[in-house]
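This structure is a prediction, so every number in the text was calculated from the model and none was measured.
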Amino acid sequence: MTRPRSRTEMSPALDGGAAEPAFDGGVSLPVLGRRAPSPGVAHAAPAATGLQAVLLDMDGTLVDTEGFWWETEVEVFAELGYELAEEHREVVVGGPMSRSATYLIQATGADISLADLTVLLNSRFIERIGRGVSLMPGARRLLTELVAHGVPAALVSASHRRVMERMLVSLGPEHFALTVAGDEVERTKPYPDPYLLAASRLGADPACCVVVEDTATGVAAGEAAGCPVVAVPSVTCIEPAEKRTVVTSLEEVDLPFLRSLITPVH
């Protein structure tokens, strides 16, 4: 379903994929995501029914960084002597580092190991975001609203922990009950593991947790976990589907809307 464009109850904003391997149905959760510090914030215990938690992607969803990742990849490969075509961007967007880096090495034939390229891309990306990161329109207002109403939020990203920690400086760790990074689960997006882990750590039913994502990879992970999904496309188009709502901006997303996506249990 698509999100209605005009809504009188919306709070005002305060801040100015390629095909994936088929999900095999298994769940592997060997590593727990580290809880972000939340000084002065009390997270209410999830209710038995209704919205229990909101699980949010990071890059391209809360922070305007999907373009940064692509610019970093283009820059690094140029230094290696290779030019990345725009068609490669649609393949790597939203993907975990292991998949994106492996694809780019294979596509270009670059003489660099996956381990070395991963370190290089992460380091260069952290340098770039150190010069400043903009939040997506509506992101800070939404996070503030969730905290004010005691709705636990989890930050769930395919980015590595060192990147996430730097991004939390801009996002504010106090907005999140916990965080799960891509290098803290054996299988990251598009597998459901990160979202299942987040729901489990929050003591919530995945069916009562709304996932907010910007890429097809992330949407696939949220849906495989059994969560209603709100898609806010950043680079590639995402079509509406059952239990998937597509919006154009987080400015269209508020607590009443999120609560409306949870199917009542009779």
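Of the N and O atoms on the side chains of Ser134 and Asp64, not one donor lies less than 3.5 Å from an acceptor on the other residue. Thr188 and Asp193 are not linked by any side-chain donor-acceptor pair at a separation below 3.5 angstrom, with hydrogens and angles left out of the test.
In this structure, the side chains of Glu239 and Val246 stay at 4.5 Å or more apart for every pair of heavy atoms. Taking the side chain as every heavy atom from C-beta outward, Pro233 and Asp214 never approach each other to under 4.5 Å. Side-chain contact between Thr61 and Met136 is absent, with no heavy-atom pair separated by less than 4.5 Å. The shortest distance between side-chain heavy atoms of Val232 and Glu213 does not fall below 4.5 Å. Taking the side chain as every heavy atom from C-beta outward, Val230 and Phe257 approach each other to under 4.5 Å. Inter-residue side-chain proximity for Leu171 and Val63 is flagged as met; some heavy-atom pair is nearer than 4.5 Å. Residues Val212 and Leu55 fail the side-chain proximity criterion, which asks for heavy atoms closer than 4.5 Å. Side-chain contact between Leu143 and Leu56: present, with at least one pair of heavy atoms (C-beta onward) separated by less than 4.5 Å.
To the nearest 0.5 angstrom, Ser100 atom OG is 12.5 Å from Arg89 atom CZ. Distance check: Thr215 OG1 to Asp59 CG gives 9.5 Å after rounding to the nearest 0.5 Å. The NE2 atom of His175 lies 9.0 Å from the CG atom of Leu146; values are rounded to the nearest 0.5 Å. Taken from NE2 in His149 to CG in Leu51, the straight-line distance is 11.5 Å, to the nearest 0.5 Å. The structure places OG of Ser260 at 7.5 Å from CG of Leu258, a figure rounded to the nearest 0.5 Å.
Counting all heavy atoms, side chain and backbone alike, Arg140 lies closest to Leu135 at NH2-CD2, 3.4 Å. Of all the heavy atoms in His160 and Ala181, the pair that sits closest is C-CB, 4.0 Å.
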side-chain contact (heavy atoms from CB on, under 4.5 Å) evaluation trace for Ile238 with Val219: CA-CA 9 Å; Ile238 299 174; Val219 167; 4.0 Å; yes

side-chain contact (heavy atoms from CB on, under 4.5 Å) between Val156 and Lys189, worked out: CA-CA 10 Å; Val156 184; Lys189 304 171 187 178; 4.3 Å; yes

side-chain hydrogen bond (donor to acceptor under 3.5 Å, both in side chains) between Thr179 and Arg161, worked out: CA-CA 9 Å; Thr179 62; Arg161 170 56 61 182; 3.0 Å; yes

CA sep, side-chain torsions, deciding dist, call: Asp57, Ser157, side-chain hydrogen bond (donor to acceptor under 3.5 Å, both in side chains): CA-CA 5 Å; Asp57 174 55; Ser157 177; 4.6 Å; no

Step-by-step side-chain contact (heavy atoms from CB on, under 4.5 Å) determination, Thr65 to Met58: CA-CA 9 Å; Thr65 52; Met58 187 173 71; 6.0 Å; no

Steps toward side-chain contact (heavy atoms from CB on, under 4.5 Å) verdict (Val185, Val180): CA-CA 8 Å; Val185 289; Val180 179; 4.2 Å; yes

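Applying the ring pair (Phe, Tyr, Trp, His ring centres under 6.0 Å) test to every pair with at least one member in residues 108-138, sequence neighbours left out, gives these pairs: Trp69-Phe125. Within the structure, salt bridge (charged side-chain N to carboxylate O under 4.0 Å, His left out) contacts touching residues 218-227 (residues at least two apart or in different chains) are Glu223-Arg244. For residues 103-115, the side-chain hydrogen bond (donor to acceptor under 3.5 Å, both in side chains) pairs, not counting sequence neighbours, are His88-Tyr103, Ser113-Asp116.
With a 6.0 Å radius and a threshold of 12 heavy atoms from other residues, nucleotides or ligands, Glu86 has its CD atom above the threshold.
With sequence neighbours excluded, the residues forming a side chain to side chain contact (heavy atoms under 4.5 Å, CB included) with Val76 are Thr72, Leu80, Leu117, Leu120, Leu121, Arg124, listed by chain and number. For the side chain to side chain donor-acceptor pair (under 3.5 Å) test, no residue two or more places apart in sequence or in another chain qualifies with Asp205. Taking Glu71 as the reference, Arg128 meet the side chain to side chain donor-acceptor pair (under 3.5 Å) condition, with sequence neighbours excluded.
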